[in-house]
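We name chains A, B, ... by the order of the sequence lines, and we start the count at 1 in each one. Keep in mind the model is a prediction, meaning the values are calculated, not measured.
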Amino acid sequence: MEDDRSFSAVEAKWQEFWRREGTFAAENGGDCPPYYVLDMFPYPSGTGLHIGHPEGYTASDILARYHWALGHNVLHPMGWDAFGLPAEQHAVQTGTHPALNTAQNIEKFRGQIRRLGFAIDWSREINTTDPHYYRWTQWIFLQLFRHGLAYVDERPVWWCPQLKTVLANEEIVDGRSERGNFPVERRPMRQWILRITAYAEQLLQGLEGLDWPDSTKRQQIAWIGRSEGAEIDFPLAGLEDPIRIYTTRADTLFGVTYLVLAPEHPALERIVAPGQLAAVEDYRRQAARKGDLERTDLAKEKSGVPTGAQARHPLTGEPIPIWVADYVLGAYGTGAVMAVPAHDGRDFFFAQRHGLPVLPVVWPKDGDGDGGLPYCGPGVLFASEEFSGLSSEEGRAAIVRRLEELGLGRAAVNHRLRDWVFSRQRYWGEPVPIVWVDGADFSAIAANPASPFAEFLPEKPVRALREGREIFAVPLPAGQLPLLLPAVESYLPSDDGESPLARAQDWVGVDLNPESGELRPAGGEGPPAGWIRGRRETNTMPQWAGSCWYHLRYLSPHCSERLVDPAAEAYWRVPNFYIGGAEHAVLHLLYARFWHRFLHTIGAVGTAEPYPRLFHQGLILGEDGNKMSKSRGNVVNPDEVIGRYGADALRLFEMFLGPLDAVKPWDTRAIGGIDRFLKKIWRWCLDEGGQFSQKFSADPCDGSRTQRLLHETIATVRRDIEALHFNTAISQLMILLNHLQRLERVERATALAFLQLLAPFAPHICEELWQRAGESPSIARAPFPVPDPVKLHCETAKILLQINGRLRGDLTVPVDLPAGEVLRLARLHPRVEPHLMEREIVKEVYVSGKVVNFVLR
RNA sequence: GCCCGGGUGGCGGAAUGGCAGACGCAGGGGACUUAAAAUCCCCUGGCCUUUGGCCGUGUGGGUUCGAAUCCCAUCCCGGGCACCA
């Protein structure tokens, strides 16, 4: 540019212009087609934006600006996913309220994002920690509660002693906490749990219609883990209930040599033989302490102990010993399996270790298997009574049918997906809007449908035990939302895992009036007449909660009557395009689908799926090819890049690095090429006085070659933007500029079209040059160039000439020259003719307008 | 172990059945300049007997008139899942 620093003034000028003019304010209605493009909103960390943020945001911004230029009404919002652990840890350390730190971080993020010049409608900014926002997060929770999808259970959960909190399965990687990498252990605790498993089939089937990366779909499919099999009952010797197992291999039923129960299996207490009681109890205690890591480590060993009890085979009546072993999971299927060591690897190793018999009942077909055991593939049954001779598939069906007749089995479907542990023992999250009361008081509320507290009561009460007494969950009425976070003196969780909210004693104790729906702090010995004394739930929601529905809040962020204004929701529906990191492939993206589907079920939204089109931008690595990290010292700071080269350069460069979804290393030197490109544009457009250059002419002076290149570029840039091939779109613009800058005169319209094509990528410089050309701002709203087929047309075609597929030359001919004539000219070509002298032509291939190939003997 | 994705110059990458290496970086040469920076022009996969030819997209096969591109095998790198019966 004019000098090294002028871009900063230009960029600030246009950012201010867009803000002042409301250039990118989306209307909730109108005649223009709506286009909604959504970024995964950031967690505003204290360290500010990292270099990966602008990658996804620039990509979505290019789409937003492209659609504005196509005349669409574009919604491109931004907000903050601001509940979470780092702010809470900061609060623990400093004693200041996490809201303060969060506000500062948001301020910083907003400033950084604004300096990138995105076409964001800032009037729709949202923040998950804003009570006007989380009021509706709480409302959705109450709806889930009312529909029986939120319940409480005492169950072993992952407890992290360092973080002093419970973690979800998804937050644990290799037996350690995802955040902080601390060891975790099992601990039984009362938890709020969301019944996501009720949506397992929907979540699975709904994937089919989505335009998502295949790998992400596959991950969700694997996570949901649908499995078709059978439940089979193995009767016990006495009169007790049978042991029910789940298997996908009912065809191997005659190969069962023992049963295995998970250590958590509830029947164990009833069935263990007196002599084995101590051993089994000991084993269960050990297993309960184990984390994933240990269980994996011990996998080769396959520990277990006999229970001394026996079941009977449902078809043969043979006695089958029952073992307990932690290679069977309590939380999957029925928590019990039939062991067929001949046809299952795990059962085989266990049987070897513990000296249990191995009984083969499936022949591999020719070519399958290596002849040894275990053989885990399909085959032909033998030693299986009347089922012998059937294929595995037929055998499975026949055996299940037989069991059904006997009342000892049935086909069954299982999912690997577990219900979602939804409570956290933390301060900085949405308070769960529930009050716990005792049985008699609850009956009074339940008996009075007119009570405001009955608004969200489920059909089946949610109950729990507290200090040996049964307590009941009472949902707050909608009118009591938002339930604000109370002030506390310390943000530390207590050692026994109680949330910091439990420290707010005048908040936890509460009196409620079932008639009026009023609540007030509990005072005195007991509640006043007509009031009920309760204790507030002190757990908060996990960070995932706020991001489960934020795509809806942007549609009407200031609506105070509902989570989303129905007219706005009917107009925008769901994002046309959603972009964010692949690390959210199963967590956020599955939870959000669950909530959105639930909201659809209860009629709150008109769509079943929230994100019909999804894309993951690839990671940007450090220059050394490693993930950027402070410890490696390879972190690139976007502020520094903007300070030195400007936002346009950073945007262009990140898009030029390579394919959007690829993992690619940063290259500090290469940004110089983008810097040169921008400076070249500036010099090319302006004369020395900074005026739009005299070389641009209103007359048609371009010539057909220039015009063809321009229209090829228009077509390419449009196609590439739509396909998200931003790197090649930028290449094409460089090719065009390299051509144009050599010309003495250029049509003004050509220069303006070039600026328009570049504007989605580098909006500031294009606005400035557009204005200096005398056009009225904003370039962002000027109709995007359209390729002209007439200009694209070429009279001649270049034909490649090959001998035996090897390139020997080329030939330029009129496009409509007949094939015979092309072949005649090709045979006479000086680079071709000598080859034809010596050898016989076996075959002539002519692909019209492209290539001639002579196949010689 | 299972399921994906990917291997192309010194580097990022382009080409998805028809000119391998577009575009950019780095490197070399030249112009301008007292000089430097900036800018502009040219060269830049390897080899040879250089107006030409041979080799070349991880490796080995195959399909095809023609393969970086499709198929089979194999090696390496990256990601996901990992006792789910």
Side-chain angles (χ1 to χ4, degrees), chain A residues 4 174 213-219 221-223 225-227 229-230 245-250 252 260 262 292 295-296 298-300 302 325-340 343-347 349-350 376 414-418 582-583 585-586 618-619 621 623 625 652-653 656-659 661-674 676-677 679-680 683 725 727-738 741-742 798-810 831 841-847 849-856:
Chain A
D4 280 349
D174 290 336
D214 277 345
S215 64
T216 303
K217 281 195 189 183
R218 265 192 295 269
Q219 278 182 59
I221 290 167
W223 196 262
R226 182 192 157 93
S227 150
I245 63 92
Y246 175 75
T247 183
T248 54
R249 292 299 303 273
T252 63
V260 190
D292 265 353
R295 280 176 80 143
T296 310
L298 294 172
K300 292 157 209 140
K302 291 258 185 291
D326 69 2
Y327 81 89
V328 172
L329 305 176
Y332 182 77
T334 60
V337 303
M338 64 179 208
V340 186
H343 304 297
D344 181 278
R346 298 153 301 186
D347 298 341
F349 296 127
F350 188 84
C376 304
N414 260 307
H415 296 95
R416 220 182 65 123
L417 184 69
R418 307 289 149 82
E583 66 273 19
V586 278
L619 215 59
L621 305 175
E623 271 208 285
L652 267 178
F653 182 60
F656 189 62
L657 266 178
D661 55 357
V663 176
K664 47 213 176 267
W666 183 261
D667 184 352
T668 298
R669 282 186 308 189
I671 197 168
I674 291 297
R676 279 195 277 276
F677 176 56
K679 285 179 174 150
K680 201 189 283 189
R683 277 196 312 273
H725 295 168
N727 54 332
T728 50
I730 294 165
S731 294
Q732 184 64 37
L733 287 165
M734 288 174 168
I735 292 167
L736 177 60
L737 183 69
N738 288 344
Q741 66 156 7
R742 284 159 215 233
K798 189 170 107 174
I799 311 291
L800 304 179
L801 304 180
Q802 298 177 341
I803 307 264
N804 288 337
R806 191 180 290 262
L807 187 76
R808 294 295 168 181
D810 58 60
R831 298 270 318 278
I841 298 179
V842 178
K843 186 172 182 179
E844 292 177 337
V845 177
Y846 176 49
V847 180
K850 275 178 153 180
V851 66
V852 166
N853 189 15
F854 294 116
V855 184
L856 306 185

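- Taking atom CZ on A:Phe677 and atom C1' on B:rA38, their separation rounds to 19 Å, with Å as the unit.
- Phosphate contact (OP1/OP2 of B:rC65, side-chain N/O of A:Lys843, threshold under 4.0 Å): present.
- For A:Gln741, taking side-chain heavy atoms from C-beta onward, the closest of the listed nucleotides B:rA22, B:rC41, B:rG12 is B:rC41.
- Base pairing of B:rA38: no nucleotide in any strand meets the Watson-Crick or G-U wobble criterion (both distances under 3.5 Å).
- Per the geometry, CD belonging to A:Gln219 stands 17 Å off P belonging to B:rG78, to the nearest Å.
- Side chain of A:Glu623 to main chain of A:Thr668: a donor-acceptor pair is present (N/O by atom type, distance under 3.5 Å, no hydrogens or angles).
- When the C1' atom of B:rA85 is taken as reference, atom CG of A:Asp326 falls 15 Å away, rounded to whole Å.
- Two residues are said to be in side-chain contact when any heavy atoms from C-beta on lie closer than 4.5 Å; A:Leu621 and A:Val663 meet this criterion.
- Panel note: side chain A:Asn804, backbone A:Leu856; a donor-acceptor pair is recorded below 3.5 Å.
- A 4.5 Å side-chain heavy-atom check between A:Phe656 and A:Met734 finds at least one atom pair inside the cut-off.
- At least one side-chain nitrogen or oxygen of A:Asn738 sits closer than 4.0 Å to the OP1 or OP2 atom of B:rG24.
- Take the nearest nucleotide of RNA chain B for A:Phe854 and for A:Ser215: the residue whose nucleotide is more 5' is A:Ser215.
- B:rU49 sits 12 Å from B:rC54 when the C1' atoms are compared, rounded to a whole Å.
- Comparing B:rG18, B:rC25, B:rC4 by their nearest atom to the side chain of A:Val851 picks out B:rG18.
- In this structure, A:Leu733 places its CG atom 12 Å from P of B:rG24, rounding to the nearest Å.
- For the OP1/OP2 pair of B:rA14 and a distance below 4.0 Å, the side-chain nitrogens and oxygens of A:Asn727 include at least one atom meeting the criterion.
- A distance of about 16 Å separates the P atoms of B:rA26 and B:rC41, rounded to the whole Å.
- Here A:Val337 lies in heavy-atom contact (under 4.0 Å) with a base.
- Glycosidic conformation at B:rG9 (O4'-C1'-N9-C4 for purines, O4'-C1'-N1-C2 for pyrimidines): syn, within 90° of 0.
- Base engagement by A:Asn853 is indicated by at least one non-hydrogen atom pair under 4.0 Å involving a base atom.
- Partner assigned to B:rG1 is B:rC81, using Watson-Crick or G-U wobble distances below 3.5 angstrom.
- As rounded to the nearest Å, B:rC47 and B:rG56 have C1' atoms that lie 10 Å from one another.
- A gap of 30 Å separates the C1' atoms of B:rG27 and B:rG78, to the nearest Å.
- In the set B:rG13, B:rC83, B:rU39, the nucleotide with an atom closest to the side chain of A:Tyr327 is B:rC83.
- A distance-only check finds no donor-acceptor pair linking the side chain of A:Arg831 to the backbone of A:Asp810 [under 3.5 Å].
- Residues A:Tyr846 and A:Phe854 fail the side-chain proximity criterion, which asks for heavy atoms closer than 4.5 Å.
- Considering only side-chain N and O atoms, A:Arg808 lies nowhere under 4.0 angstrom from the phosphate OP1 or OP2 of B:rG52.
- Only the C1' atoms considered, B:rU44 is 14 Å distant from B:rC11, to the nearest whole Å.
- Residue contacts shown for A:Asp810 are absent, as no nucleic acid heavy atom lies under 4.0 Å away.
- Per the geometry, CZ belonging to A:Arg806 stands 10 Å off C1' belonging to B:rG53, to the nearest Å.
- Shown here, B:rU59 forms a base pair with B:rA73; the pair counts as Watson-Crick or G-U wobble because both key distances fall under 3.5 Å.
- Taking the P atom of each, B:rU51 and B:rU59 are spaced 30 Å apart, rounded to whole Å.
- With a 3.5 Å ceiling on both atom-pair distances, B:rG9 lacks any Watson-Crick or G-U wobble partner.
- The A:Lys302 side chain lies nearest to B:rC83 when the options are B:rG24, B:rC41, B:rC83.
- Comparing the C1' positions of B:rA68 and B:rC55 gives an interatomic distance of 16 Å, to the nearest angstrom.
- Contact between the side-chain N/O atoms of A:Ser227 and the OP1/OP2 oxygens of B:rA85 is found at a separation under 4.0 Å.
- Comparing B:rC23, B:rA82, B:rC19 by their nearest atom to the side chain of A:Ser731 picks out B:rC23.
- Looking at heavy-atom distances under 4.0 Å, A:Arg218 makes contact with sugar-phosphate atoms alone, never a base.
- Using Watson-Crick or G-U wobble geometry with both donor-acceptor distances under 3.5 Å, B:rA20 finds no partner in any strand shown.
- The P atoms of B:rG58 and B:rG7 are separated by 8 Å, rounded to the nearest whole Å.
- Closest to the A:Arg676 side chain, of the nucleotides B:rG53, B:rU39, B:rG12, is B:rU39.
- Protein atom CD1 of A:Ile671 is 21 Å distant from nucleotide atom P of B:rC23, rounded to whole Å.
- Within the 4.0 angstrom heavy-atom criterion, only backbone atoms of the sugar-phosphate kind lie near A:Arg831; the bases stay farther away.
- In this structure, B:rU50 is classed as syn because its glycosidic torsion stays within 90° of zero.
- A straight line from CG of A:Leu807 to P of B:rA67 spans 13 Å, rounded to a whole angstrom.
- No contact: A:Asp347 has no heavy atom under 4.0 Å from any strand.
- The two residues A:Tyr246 and A:Gly333 come nearest to each other via the heavy atoms CB-CA, 4.3 Å.
- At whole-Å resolution of the value, CD in A:Gln802 and P in B:rA20 are 8 Å apart.
- Among the atoms of the strands shown, only primed sugar atoms or phosphate atoms (P, OP1, OP2) are found under 4.0 Å from some heavy atom of A:Tyr246.
- Counting only heavy atoms from C-beta on, A:Thr247 has its side chain closest to B:rA85 among B:rG12, B:rA22, B:rA85.
- Of the candidates B:rG24, B:rA85, B:rG18, B:rG24 carries the atom nearest the A:Met734 side chain, counting heavy atoms from C-beta on.
- Here the closest heavy-atom approach between residue A:Ser227 and residue A:Thr248 is recorded as OG-CG2, 3.4 Å.
- The closest donor-acceptor contact from the side chain of A:Lys664 to the backbone of A:Pro659 lies under 3.5 Å.
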